[in-house]
Structure formats: structure tokens, C-alpha cells
Amino acid sequence: MSAFAPTARRGTPPAATREGRGGVLPWLAVPALVVFVGFGVIPLIGVLFLSFTSWDGLGEINLSGLTSWQTVLADPGLPHALWITFLVIAASWAFQTPLSLLIGVFLAGRQRYRAVLAVVFFIPLLLSQAAIAIAYKALLDPNFGLGAGLHIDLLVQDWLGRPVLAFSVVIFVVSWQFIPFHSLIYQGGVRQIPRSMYEAAELDGAGRMRKFFSITLPQLKYTIITSSTLMVVGSLTFFDLIFVLTAGGPADATRVLALDMYKRGFQASLMGPASAIAVILVLVGLALALLLRRLGGRDPQASQLEGA
Amino acid sequence: MDVTQTKERERTAASGTHRRLNGARGERPNWLGGLVSLLWLAVVIIPIYWIVITSFKAQSSYYATNPLAPPTEPTLANYRMVIESDFPLYFVNSLIVTIGAVVPAVAFSFMAAYAIVRGNAGRFLRGVNSLFLMGLAIPLQATIIPVYLIIIRLHLYDSLLGLILPSIAFAIPLSVLVLSNFIRDVPKELFESMRLDGANEWMTLWRLAFPLTRPAVVTVTIYNALQIWNGFLLPLILTQSPDKRTLPLALWTFQGQYSVNVPAVLASVVLTTLPILILYVVGRRQLLSGLTAGFSK
């Protein structure tokens, strides 16, 4: 490393030292770059390539032109999977956002409960989706579950055996895991709204509802976009939860794109068509990211930390 | 309600602190928000409570008693059964994969983030940065088929190393983004004085930037550890033999085998979550001390 001893002279402004060309700096990025290219960039190019081949996952890989794409695009399973993916995104957004907003606004005004709530609210985020799905599977079991044990007939349903119910259960379990997190995001957002805005509104005689719709909601614009981005991008990748909870069933009612890809590739051994689905998944993800960025006018990557 | 008095109270509360919404709004309580919050708190707590108490019930008494009543005769039999089903092995596997992936992921990301911040004008490093940013927008699950192919070709299929390598790659983009945002906040003068003292970049990286951004490093470490510990798709696709299973996968197979024994299944859920809960509690403290140290400078 001593070969790369600082070349800058005494008294050089900091800006000049930031050039870093030909020094040690580029080398520092190499380990991360190598691993990321090897297991991120190359697979991304590879998935496009594999979508023009036929491969059963074990044997040889043969070029097969557009066959996989023709199979996938002609299959009614694709529009269905796209539709289910869209429904999951839309329903989980529509269910989580108002509730998180309401809870977040409430929490922002109540210091006392904050510590306790923050701990309790974090527990669902710490659990793996596999663990959550397994627990809910047991909890919702029509014979051995909570409803049966409490003898509440309303709760004794074949929750995972009927399409509409199973879909609702998926949305509920997703919300169970993530509403607390989004509430905490909104809580943070509300706390950053300048107090003076509310004082001015109060002088003008604005009531609670008026203040909420004229100040809180518009001021939370970026928070709403951040939270929505996390929800939407996250919804695209709910594989573990759905795989363990319903495995895409019943009757493909919860077969989202990611699950469709897995089933075609690793269960039906059709890696070509599965890769085509994966390409579509990438395109949908990119389209959504661009759409949200345009809506927000701000970098959606700015705060993906907790929800990616 | 006396409006002027309320406002006066708020003003005193707000003065001296940052001008932000703080504490009570001094109005009628927000009943709707309170009710919904309380309701959702119950929705979050009840399943967790049910999972924990049920895991201490004997299978026979589980069917006979009120599911929400605590066990009359708590038993550890379920936990014993789970532990005897090779869970210690799966625990060690998860630990190896998590540590084996998180340590290099955070170290590599930190080095890359430092290079990107300090050498921003270089074309190479700008390119690297855009590449990582692009990686954020792409659902990495979609690359799983080529990853599977690469792992097979490297003869790493059904090995823990085969799980570690893609896990590092998947963790890098977000870690680099977060860490570089924090390194950017380190005052330029500090880098300058390190340089004047004759320190090279490697020393500046570990002795200045790393300690100063410790809260970010802790946060990124916890986040990545959580993702990898809970990871399900990679073990599902890249391993085969039972002795290479990690906990989430073991949980799934265990549930498939013993689905009728609800208390045992729930004990396995509790056991797999416990380590991450401990990490979170420990890390939270570290996080807090890191933050307070940062503020009291």
C-alpha cells in the first residue's frame, strides 16, 4: 500500500485530492465490484441470454431462439400472473397506506408510548417471512387454528383453501409485517413538519380535519412517495411468504410473477420460459421504479434502507 | 377549549428545541388515530402472544384448552423436540452463512463507498457508483436462475460457500449507498489533516472514516444480517442435502413433517427468531451509543 502514498502536496485544496485517479482509491472498489459483477451483473445479462435457450436445469443448454418467449407470451398464465402481481401491489398499498398514515400521525403526537410501541412494532420486521407464513398457517388452520380453539364460527374458515380468502390472507399477513414499519416512517415524517405551519393555521381558525388535509398530507408528500416506493418494490418480491403460505394456490389465486418463475423453472424444469418471466419481472420492476421516481421528482433510492 | 392558552403552552414547549411537531398538539385527543393504533397494536401482539404461549403447551393440552390462555403446565418438550431435530446444525449453518456473508459484504461495501466518496471525480469510480445504483432498482430475485447456473458451474452447488457468495453480491448495492451517504458527511478538514500527517488512504479509511461512521456501519450490518439470516430463496434453490439447510428452510421442512403438532412448529418459529431478536436488542444499544457519541462531540 505504501506505493500509493499520498501524492497531493501540502496546501492543496481538498477538491484536488478527490481526483484519486491512478491512486489507491479505484482499487478499494474492486472487491465489491468483482463480487457484484460476478453474482449480480453477469446473472442479469445471463437471464436475458437464457430466455433464448432451452435448459432443464441439469443437462445441456441449447439455443432455441424465440421458442421460450413464444411459449410464455401465448400462455394465459402470464397475463394471470401479471394481474395477480398488480392486485397484490394495489391491494397491499391501498390497505397499508391509510392505516400507516393514521397510526403514524397518532404516534407522532404521543411521546410516552413511543419507546414501547417501537419495540413491539419492530418484532414482525425481525421475523423471517417463512416463519411468519408458517405461524399464520397454523393460526388459520380450520381444524387446529385459533378460530377453532376459540369456537368463533366467523374465524373458522378455509382461509387458505378458497381463492378470494387466500388472496386476502396474503394481503393481511403482508400488512401485519409492514404496517408498523410504515407507521414509523410516517411518524418521522410528521415530526419534521414545522410547528409554525400549524400555528398559522390555528390563527386562521382551521380545525383538525382542515389541518390534516391542508398541512399534514401535502407536507408528507415525499414521505408518502418513499413509503409507497418501498411497498410497491417490496410487493414485487414477496416470494418467501406466498411460497410457504399458499404456494401460489388455491387455483393459482396467489401465483405472482416471482412464483410463476420459480414454478416454471425449478418445478417444471423449463428454465428457458422461466428466464423469460424473470426478464419480464426485471422490466416491471424498472418500470415501476421509473414511474415512482417521476411521480416523486426525487430519488427513490434515497431511503430504501429498511424496506428493500 | 381555551385556544389562546393552548397555543401559549405549545409555544413554550416548542421554544428552545427544533421547530418541529413535538408532543401533544394541545387539542382534543385524536380518537380515530388512537383507536386504530390500539387496534393494530392488538393485531400485532395477539399472534405473537399466541405463538409464544402455544410453544410451551403440550400437544395434547393444546387441543383441549382455550388457545389464548397461558399454559397451565408449561413444558419445554416442544423445544427439546425441535433441538433434537438437528436444529443446532441448521443454526450453525445459518450462523456461518450470515457471518461469512455480512463481514465481507460490509467491508467491501465500506471500501467501495470510501473510494466513491473520496475519488468522485474519477470516471471509473463514477461508473462503479452508477452500476451499484442500478442494482438497487432491479429485483435481484429475477437473477436467481443464472445464479443457480453459475453456482453449479463453480461446483459450489449444495455448499455453504455457494450461499455466501450471492448473498454478498445482493447486499452490496444498498450498503454502498447508505455508507457513502454517511462518509460524505465526514468533514473534509479531517481527511485533510490525516493527509498532512502522512497517512495514506488505507489508514485514513480504517482509522478515520470507519470509526466516525460507526452508527451507519452497525445499521448496515444489522440490516444485512437480518436479510441473510432470514433468507429463504437462495437456500431453497442452491442447496439440496439436509445437512446444508439454513434455519428458514429447516423451518419449512419441519413444518411439512410435523404440521399437526402445532406447539412444536411454533417452538421452531420462536427458536429461529430468538438469535435475531438478541442481535437487534444488542445492536439497538450500540446504535444508540453510537448516535449519542456523535451528538455530544
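Quick caveat: nothing in here was measured; it's all calculated off a predicted structure.
Side chain to side chain, A/T216 and A/Y198 meet the donor-acceptor criterion of an N or O pair below 3.5 Å.
For chain B, the nearby parts of A/L139 are the backbone and the side chain; heavy atoms of each come within less than 4.5 Å. Contacts between A/I61 and chain B at a heavy-atom distance below 4.5 Å involve the side chain alone, from C-beta outward. Both the backbone and the side chain of A/F239 come within contact range of chain B, each with at least one heavy atom under 4.5 Å from a heavy atom of that chain. Within the 4.5 angstrom heavy-atom criterion, only side-chain atoms of B/L226, from C-beta onward, approach chain A. Using a 4.5 Å cut-off between heavy atoms, B/Y148 contacts chain A through its side chain alone, with no backbone atom that close. In this structure, chain B has no heavy atom under 4.5 Å from any part of A/V284. Heavy atoms closer than 4.5 Å to chain B are found in the side chain of A/V41, but not in its backbone. Heavy atoms closer than 4.5 Å to chain B are found in both the backbone and the side chain of A/S175. Using a 4.5 Å cut-off between heavy atoms, B/I237 contacts chain A through its side chain alone, with no backbone atom that close. Contact annotation for B/I150: only side-chain heavy atoms (C-beta onward) come within less than 4.5 Å of a heavy atom of chain A.
Between B/W50 and A/A135 the shortest heavy-atom distance is CZ3-O, 3.8 Å. Nearest heavy-atom pair across B/A250 and B/T253 is O-OG1, 2.9 Å. Of all heavy-atom pairs spanning B/A142 and A/V282, the tightest one is CB-CG2, 3.5 Å.
Ranking B/W229, B/F132, B/F170 against chain A, the residue ahead of the rest is B/F132, based on heavy-atom pairs under 4.5 Å. Listed options B/L131, B/N66, B/L68 were ranked by heavy-atom pairs under 4.5 angstrom with chain A; first place goes to B/L131. Put simply, of B/V269, B/V262, B/V44, the one with the most heavy-atom pairs under 4.5 Å next to chain A is B/V44. Between chain A and the residues B/L247, B/L38, B/L266, B/I48, the largest count of heavy-atom pairs under 4.5 Å involves B/I48. Ranking B/T143, B/T273, B/I172 against chain A, the residue ahead of the rest is B/T143, based on heavy-atom pairs under 4.5 Å. Most heavy-atom pairs under 4.5 Å with chain A: of the set B/F108, B/F124, B/W252, B/W40, this distinction falls to B/W40.
One distance of note links OG of A/S183 with CG of A/L102; it measures 9.0 Å at 0.5 Å rounding. How far CG of A/L44 is from CZ of A/F36: 8.0 Å, rounded to the nearest 0.5 Å.
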Show the numbers, then the answer: is there a side chain to side chain donor-acceptor pair (under 3.5 Å) between B/Q141 and A/Y262?
CA-CA 10 Å; B/Q141 283 181 343; A/Y262 176 82; over 6 Å; no
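Using a distance-only test at 3.5 Å, with no hydrogens or angles considered, no donor-acceptor pair links the side chain of A/R264 to the main chain of A/L270. Checking side-chain atoms of B/N200 against main-chain N and O of B/W202 turns up a donor-acceptor pair under 3.5 Å.
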